[in-house]
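What follows is one structure encoded as structure tokens, with my remarks underneath.
In what follows, every chain begins at residue 1, and chains take the letters A, B, ... in the order their sequences are listed.
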Protein chains: 2
Amino acid sequence: MIRRFRGESLHKVDLKGRVSVPAPFRRVLEDGDPEFKTGSNPNFVIVYGGVKTPCLEAYTMKSISTVDQLISKLPRFSREREILERFINTQSIYIQLDENGRIVLPPKLKAFIGLEGEAIFAGMGEKFQIWEPKTYETELQFLQDDFSKLTGKANPFYLIDNIVDK
Amino acid sequence: MIRRFRGESLHKVDLKGRVSVPAPFRRVLEDGDPEFKTGSNPNFVIVYGGVKTPCLEAYTMKSISTVDQLISKLPRFSREREILERFINTQSIYIQLDENGRIVLPPKLKAFIGLEGEAIFAGMGEKFQIWEPKTYETELQFLQDDFSKLTGKANPFYLIDNIVDK
DNA sequence: TCAAATTCCATGATATCCCATATTTATAGC
DNA sequence: GCTATAAATATGGGATATCATGGAATTTGA
């Protein structure tokens, strides 16, 4: 059974742009990097475009290659493919965890999401996101409202009951 | 026949947030974790959002992966998928039973349901819930009242009599 | 040569592991 | 059914490892 990114947590970002990746996420990154072995530090990919509200998206090596394959199946020269390729390929970078489980966010990325002293890490299954805390809170409210409009349900968790109880 | 969570019981929560999971529930968690083998300890998932009255909900690995699969069938990059991914993934965590059949409830989760010294575990078939005892009692009263209003019967168990007696 | 980036080390807080023990439940033999 | 014995359970305490974070030392590279 594949381990996924779950949970959310708040971390300090220091003057050098260093920030701890939540420990449970590190395990998933290790699982998701075919070249990882004990003693080394896993690599992964951060994508910084392609979202309506500014946040960073982190993919394991395995899941980014799944995304790559998906895109390569789209019709050549299609608008959708063009857009996806732009974000996934040009607006992304490789990142490596350091000895202490931290990463360094380049100034460009910090600026892109308006990060200052703190960051929210949000588990999203196959990927995780990094948010400026205030922006994140606003986004949650948006999603909640959108969901009600989309489905007529007040609460996304109705899904769990529906499926599991069967 | 699938083993289900049944029964309710009261357990102490110590200063470290440790609390015993009722022994019968452990068997169900073991059955529900494909990676479990004798000698190891089962993993499962606690979801802490999406309830009207605050309680924690625990799902086996199998149940939660049913939910994950459903979400992963939605179109990648779609709004609905994004919303569901966020709420199901961010408001949940992996938990592993320890050698003694206990779990550790992180301070965040304890605070969420107002836990202090004791917790009620309530079997709910495919999932089980963890409640602050006073809150649980109030909730039961609510349910009882709602049931009477809905059906005119004082006691939900009239249902069982109907079926078993035939 | 100087600023920025990277590596290395330090530390308090927290979480995890390991062992102890009282209590309850199950088992076996009579 | 009753009792002795063994196994499983619920809970506590202390030792140990991990985590999040800060700062200093070293390297890089313009």
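Atom-to-atom, CD1 of I120(B) to P of dA10(D) comes out at 14 Å; the value is rounded to the nearest Å. Between the CD atom of E99(A) and the C1' atom of dG22(D) there is a distance of 17 Å, rounded to whole Å. The separation between K12(A) atom NZ and dT14(C) atom P is 12 Å, rounded to whole Å. Rounding to whole angstrom units, CG of residue D14(A) and C1' of dT11(C) are separated by 16 Å. Between the CZ atom of F121(A) and the C1' atom of dT21(D) there is a distance of 13 Å, rounded to whole Å. What separates CG of L105(A) from P of dA4(C) is a distance of 18 Å, to the nearest Å. dA10(D) atom C1' lies 15 Å from atom CZ of F25(B), rounded to whole Å. When the P atom of dA15(C) is taken as reference, atom CG of L15(B) falls 13 Å away, rounded to whole Å.
Comparing R102(A) and A23(A) against DNA chain D, the residue whose closest nucleotide sits nearer the 5' end is A23(A). Along DNA chain D, the nucleotide closest to K16(B) and the one closest to V19(A) are compared, and the more 5′ of them pairs with K16(B).
Using a 4.0 Å heavy-atom distance criterion, V21(B) is classed as a sugar-phosphate-only contact. Across all strands, D98(A) comes closer than 4.0 Å to no nucleic acid atom at all (heavy-atom distances). Looking at heavy-atom distances under 4.0 Å, P106(A) makes no contact with the nucleic acid at all.
For the residue pair R86(B)/Q91(B), the side-chain donor-acceptor check at 3.5 Å is not satisfied. Side-chain atoms of S63(A) and T66(A) form no donor-acceptor pair, as typed in the model, at a separation below 3.5 Å.
S20(B) OG to I103(B) CD1: the interatomic distance, rounded to the nearest 0.5 Å, is 9.5 Å.
The side chain of N100(B) approaches dG12(D) more closely than any other nucleotide in the set dG12(D), dA24(D), dC9(C). Here the nucleotide nearest the side chain of R26(A), chosen from dG22(D), dC19(D), dT11(D), is dC19(D).
With a 6.0 Å radius and a threshold of 12 heavy atoms from other residues, nucleotides or ligands, K108(B) has its NZ atom above the threshold.
Under 4.0 angstrom from either OP1 or OP2 of dA4(C) there lies no side-chain N or O belonging to R18(A). Between R27(B) and dA8(D) there is no side-chain N or O to OP1 or OP2 distance below 4.0 Å.
Nearest heavy-atom pair, M61(A) versus V45(A), reported as atom, atom and distance to 0.1 Å: SD-CG2, 4.3 Å.
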